[in-house]
Asker: 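Would you mind keeping the following structure in view while I ask a few things?
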Amino acid sequence: MPLTNRQILLANRPQGAVSEANFRFVDVPLGKPGKGEVLVKNEWLSLDPYMRGRMNDVKSYVPPVQIGEVMVGQTVGEVIESRDPGFAPGDTVLTPLGWQLYGVAKGADLTKIDAKRAPASYYVGVLGMPGITAWFGLFEIGQPKAGETLVVSAASGAVGSVVGQLGKLTGCRVVGIAGGKAKCDYVVGELGFDTCIDYKAGGLSDALRAACPTGVDVYFENVGGEMLDTLLRVMNRFSRIVLCGLIAEYNAAQPYRYANLRSVLVNRIKMQGMIVFDWKTRYGEAVKGLSAHLSAGRLKYRESVVHGIDNAPAGLIALLKGENFGKQLVKLA
Ligand SMILES: NC(=O)c1ccc[n+]([C@@H]2O[C@H](COP(=O)([O-])OP(=O)(O)OC[C@H]3O[C@@H](n4cnc5c(N)ncnc54)[C@H](OP(=O)(O)O)[C@@H]3O)[C@@H](O)[C@H]2O)c1
C-alpha cells in the first residue's frame with residue numbers, strides 16, 4: 001500500500017468559467033482510521049454540475065467548499081482497513097470523500113453497496129444521486145400521467161436520460177432536448193424517447209411547437225436560462241415544471257432575465273424546485289424501482305469516463321461546457 005494520498009484542493013474561487021488554476025494538487029501522508037472510522041481506496045469519482053455551485057462563496061442549500069479544502073464529491077471505493085465493526089476490508093462502499101485517491105471516513109457516512117448486482121460506478125449514477133433525482137423529481141413533482149407530453153432538457157445526461165425513460169414507462173409522449181445530432185440520435189434510437197430536438201441547430205421555439213402539437217404537460221428542467229424561457233411559452237394550463245437544475249447559468253456572471261414568467265400565472269403552471277436531499281428517507285424506494293427497471297432491461301445507461309485523478313479538473317470543466325455524453329466519472333484506480 002502506498003504511504004501517500006493524492007488530493008485535489010480548491011485553490012481559489014472561479015470568476016465565471018472554472019479553470020485548472022482553481023485547483024491545487026497535493027500529496028499528503030495516508031490517514032489512519034480511528035475508532036469507528038474506515039480507510040477507503042477510491043475507485044470512481046463522480047463529477048456533477050452541483051460542484052460548480054460549491055466553488056462559490058454563497059449561501060445555498062449546503063455550505064461551500066472552503067479554500068484549501070478537498071473538493072467535494074461522492075466516490076465509490078474499497079475498504080482497506082476498518083475500525084468500524086460494520087465494515088470489513090474488501091467491502092465496496094459509497095463515500096463522501098471527494099477528490100482524493102484514499103480517505104478516512106466515519107463508518108456512519110458510508111453506504112455498503114452490492115457491486116455484484118450492478119457495476120460499482122452505477123451507484124453514483126443511475127442507481128445513485130442522479131437516478132434518485134430523476135425518480136422523485138419526475139414522480140413526486142412532475143406527476144406525469146399516461147398520454148401527457150413530457151419534455152426533458154439535457155436529455156442524454158445522467159438525470160435527463162433516466163427521466164425520459166421513466167416517462168416512457170409511464171405512458172407519456174416524451175420529447176428530449178439535447179445538444180447535437182449524436183446526442184439526439186442516442187436519445188431516440190437507444191433510450192426510446194419519441195423525438196429529440198437539437199437546440200444547437202437553432203429554432204427551438206418552432207421545433208418545440210412541431211414536436212408538441214398539444215402543448216407540454218410536464219417539463220423537467222435541467223438547463224434554465226433561454227431554454228426555460230422558451231418552454232414557458234408552450235406549457236399547457238395546469239402543467240408542471242420540475243426545476244431540477246440551471247446548468248446554463250452556473251458559470252454566468254449575471255443571472256438570466258426571464259421574459260415569459262407571465263405564462264406561469266396565465267396558465268396556472270406549478271413550478272417547484274427539486275433538491276434530492278429532501279427525499280433522503282425514501283432513497284431506498286427509488287433505488288429499488290430503478291434497479292428493477294435496470295435488471296429487466298427497461299433502463300439504458302451511458303457513462304463518460306476520464307482516467308486518472310489529475311484529469312478530474314478537466315473532466316469537470318468539460319461537463320460544465322456540456323462536452324460529456326452520459327454520466328461523467330473519473331476512474332481513479
Ligand atoms: N436538484 C438536484 O437535487 C439535482 C441533482 C442532480 C442533478 N441536478 C441538476 O440536473 C442537471 C443535470 O445534471 P446531470 O448530472 O444529469 O448532468 P448531465 O446532464 O449528465 O450533464 C450536463 C448536461 O447539461 C447540458 N447543457 C445544456 N446547456 C448547457 C450549458 N449552457 N452548459 C453546459 N451544459 C449544458 C449538456 O448537455 P447538452 O449537450 O445536451 O446540452 C450537458 O451534457 C444539472 O443542472 C444539475 O445541476 C440537480
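Each ligand, and each atom within it, is numbered from 1 in the order the structure gives. Atom set for the values below is all heavy atoms of this structure, side chains included, hydrogens, waters and symmetry mates excluded.
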Asker: Which of the numbered atoms in ligand 1 are below 4.0 angstrom from a heavy atom of Ala178?
Answerer: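 Answer for ligand 1: 40 (O).
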Asker: Hey, does the side chain of Gln143 reach the backbone of Glu140 with a donor-acceptor pair shorter than 3.5 angstrom?
Answerer: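 Yes; judged by distance alone, with no hydrogens or angles, the pair exists.
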Asker: Can you tell me which portion of Ile247 lies within the under-4.0 Å heavy-atom range of ligand 1? Options are side chain, backbone, both, or neither.
Answerer: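 Under 4.0 Å from ligand 1, Ile247 contributes backbone and side-chain atoms.
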Asker: So with a 6.0 Å cut-off around CD of Glu226, is the heavy-atom count from everything else above 12?
Answerer: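 No, not enclosed.
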Asker: Among all protein non-hydrogen atoms, which one is nearest to atom 16 (O) of ligand 1, and what is the separation to 0.1 Å?
Answerer: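 Protein heavy atom at minimum distance: Val159 N, 2.8 Å.
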Asker: Quick test: of every protein heavy atom, which one is nearest to atom 37 (O) of ligand 1, and how far off is it to 0.1 Å?
Answerer: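 Looking at atom 37 (O) of ligand 1, the protein heavy atom closest to it is Lys183 NZ, 3.4 Å.
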Asker: Does Tyr50 have its ring centroid less than 6.0 Å away from the ring centroid of Tyr250?
Answerer: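 Ring centroids of Tyr50 and Tyr250 are no less than 6.0 Å from each other.
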Asker: Going by distance only, is there an N or O of Tyr50 that falls short of 3.5 Å from an N or O of ligand 1?
Answerer: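 By distance alone, the answer is no.
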Asker: Looking only at protein heavy atoms, identify the closest one to atom 15 (O) of ligand 1 and say how far it is in Å.
Answerer: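 Of every protein heavy atom, Pro49 CD, 3.4 Å lies nearest to atom 15 (O) of ligand 1.
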Asker: Which atoms from ligand 1 have a heavy atom of Met274 less than 4.0 Å away?
Answerer: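 By the 4.0 Å cutoff, the relevant atoms are 1 (N), 2 (C), 3 (O).
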Asker: Side chains of Ser304 and Asn324: is there a donor and an acceptor less than 3.5 Å apart?
Answerer: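 Checked: Ser304/Asn324 side chains show no N/O donor-acceptor pair below 3.5 Å.
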Asker: Other residues, nucleotides and ligands only: do more than 12 of their heavy atoms fall within 6.0 Å of CD on Gln15?
Answerer: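 Counting other residues, nucleotides and ligands, CD of Gln15 stays at 12 neighbours or fewer.
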Asker: Against heavy atoms of Leu320, which atoms of ligand 1 measure under 4.0 Å?
Answerer: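 Near Leu320, the atoms of ligand 1 are 32 (N), 33 (C).
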Asker: Between Asp84 and Lys106, is there a donor-acceptor pair closer than 3.5 Å when you use the side chain of the first and the backbone of the second?
Answerer: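 Looks like no, no N/O pair under 3.5 Å.
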Asker: What protein heavy atom lies closest to atom 48 (C) of ligand 1? Include the residue and the distance to one decimal.
Answerer: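 Heavy-atom neighbour on the protein nearest atom 48 (C) of ligand 1: Cys244 O, 3.1 Å.
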Asker: What part of Thr133, side chain from CB on, backbone N/CA/C/O, both or neither, has a heavy atom under 4.0 Å from ligand 1?
Answerer: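 Side chain only; the backbone of Thr133 stays clear of ligand 1.
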Asker: So is there a nitrogen or oxygen of Asn324 less than 3.5 Å from a nitrogen or oxygen in ligand 1?
Answerer: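 By distance alone, the answer is yes.
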Asker: Short N/O distance, under 3.5 Å, between Ile177 and ligand 1?
Answerer: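 So ligand 1 has no N or O lying under 3.5 Å from an N or O of Ile177.
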Asker: Indicate yes or no for a side-chain donor-acceptor contact from Asp206 to the backbone of Gly203 under 3.5 Å, with no hydrogens or angles considered.
Answerer: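 Here the side-chain-to-backbone pair does not exist.
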Asker: At a 4.0 Å threshold, what atoms of ligand 1 neighbour a non-hydrogen atom of Lys321?
Answerer: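 Those of ligand 1 that fall under 4.0 Å from Lys321 are 33 (C).
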Asker: What about Ala248: any of its N or O atoms under 3.5 Å from an N or O on ligand 1?
Answerer: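 Such a contact does not occur with ligand 1.
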Asker: What atoms of ligand 1 come closer than 4.0 angstrom to any heavy atom of Gly322?
Answerer: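 Result: 33 (C), 34 (N), 36 (C), 39 (O), 42 (C), 43 (O).
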Asker: Could you tell me if Lys327 sits above the aromatic ring of Tyr301, with its cationic atom closer than 6.0 Å to the ring centre and no more than 45 degrees from the axis?
Answerer: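 Verdict for Tyr301: no cation-pi partner in Lys327.
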Asker: Decide whether a cation-pi geometry holds between Arg6 and Phe25; the criteria are a distance under 6.0 Å from NZ or CZ to the six-membered ring centre and an angle within 45° of the ring axis.
Answerer: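 No cation-pi geometry.
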Asker: Out of Val104, Asp91, Leu39, which one pairs with Ile80 under the side-chain contact (heavy atoms from CB on, under 4.5 Å) rule?
Answerer: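 Option passing the side-chain contact (heavy atoms from CB on, under 4.5 Å) with Ile80: Leu39.
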Asker: Just to check, does Lys327 reach to within less than 4.0 Å of ligand 1 when the distance is taken from its heavy atoms?
Answerer: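 It does not; every heavy atom stays at 4.0 Å or beyond.
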Asker: Do Ser46 and Gln74 have a side chain donor and acceptor closer than 3.5 Å?
Answerer: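 Side-chain D/A pair, Ser46 to Gln74: absent.
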Asker: Select one of side chain, backbone, both or neither to describe which atoms of Pro130 lie under 4.0 Å from any atom of ligand 1, heavy atoms only.
Answerer: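 Looking at Pro130 and ligand 1, no heavy atom falls under 4.0 Å.
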Asker: Hey, can you tell me if Tyr186 and Phe325 have their rings parallel, tilted or perpendicular (30° and 60° cut-offs)?
Answerer: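 Rings of Tyr186 and Phe325: perpendicular, as their planes differ by over 60°.
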Asker: For Met55, run the side-chain contact (heavy atoms from CB on, under 4.5 Å) check against Asn12, Val72, Asn22, Ile67 and tell me which one passes.
Answerer: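 Considering Asn12, Val72, Asn22, Ile67, a side-chain contact (heavy atoms from CB on, under 4.5 Å) with Met55 is found only for Asn22.
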Asker: Looking at Lys168, I want to see if its NZ is surrounded by more than 12 non-hydrogen atoms of other residues, nucleotides or ligands under 6.0 Å.
Answerer: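 Buried by this count: over 12 neighbours within 6.0 Å.
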Asker: For ligand 1, which atoms sit closer than 4.0 Å to a heavy atom of Tyr199?
Answerer: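 Ligand 1 atoms under the 4.0 Å threshold to Tyr199: 27 (C), 28 (N), 38 (P), 41 (O).
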Asker: Taking non-hydrogen atoms only, is Phe325 closer than 4.0 angstrom to ligand 1 via side chain, backbone, both or neither?
Answerer: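 Contact part for Phe325 vs ligand 1: neither.
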Asker: Please could you name the atoms of ligand 1 that Leu246 approaches to less than 4.0 Å, counting only its heavy atoms?
Answerer: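 Selected atoms, number and element: 45 (O).
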Asker: Are a donor atom and an acceptor atom from the side chains of Asn56 and Arg13 found within less than 3.5 Å of each other?
Answerer: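 No, Arg13 and Asn56 have no side-chain donor paired with an acceptor closer than 3.5 Å.
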Asker: Cut-off 3.5 Å, side chains only: do Lys331 and Ser121 have a donor facing an acceptor?
Answerer: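 No.
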Asker: Could you tell me whether some N/O pair between Gly179 and ligand 1 is separated by less than 3.5 angstrom?
Answerer: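 The answer is yes, given that Gly179 and ligand 1 share an N or O pair closer than 3.5 Å.
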Asker: Should you measure from each heavy atom of Gly245, which atoms of ligand 1 turn up under 4.0 Å away?
Answerer: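 Close to Gly245: 9 (C), 45 (O).
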Asker: Provide, to 0.1 Å, the distance between atom 19 (O) of ligand 1 and the closest protein heavy atom, together with that atom's residue and name.
Answerer: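 Of every protein heavy atom, Gly157 CA, 3.3 Å lies nearest to atom 19 (O) of ligand 1.
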Asker: Using a 4.0 Å heavy-atom threshold (strictly under), name the region of Tyr250 that reaches ligand 1: side chain, backbone, both or neither.
Answerer: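 Looking at Tyr250 and ligand 1, just side chain atoms fall under 4.0 Å.
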Asker: For atom 27 (C) of ligand 1, what is the nearest protein heavy atom, given as residue, atom name and distance?
Answerer: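 Nearest protein contact, heavy atoms only, for atom 27 (C) of ligand 1 is Val223 CG2, 3.4 Å.
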Asker: For atom 6 (C) of ligand 1, what's the nearest protein heavy atom and its distance?
Answerer: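 Looking at atom 6 (C) of ligand 1, the protein heavy atom closest to it is Met129 SD, 3.4 Å.
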Asker: Do me a favour and list the nearest non-hydrogen protein atom to atom 3 (O) of ligand 1 with residue, atom name and distance?
Answerer: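 Its nearest protein heavy-atom neighbour is Val276 N, 2.8 Å.
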Asker: Quick one: does Ile275 get an N or O within less than 3.5 Å of an N or O on ligand 1?
Answerer: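 No; every N/O pair is 3.5 Å or more apart.
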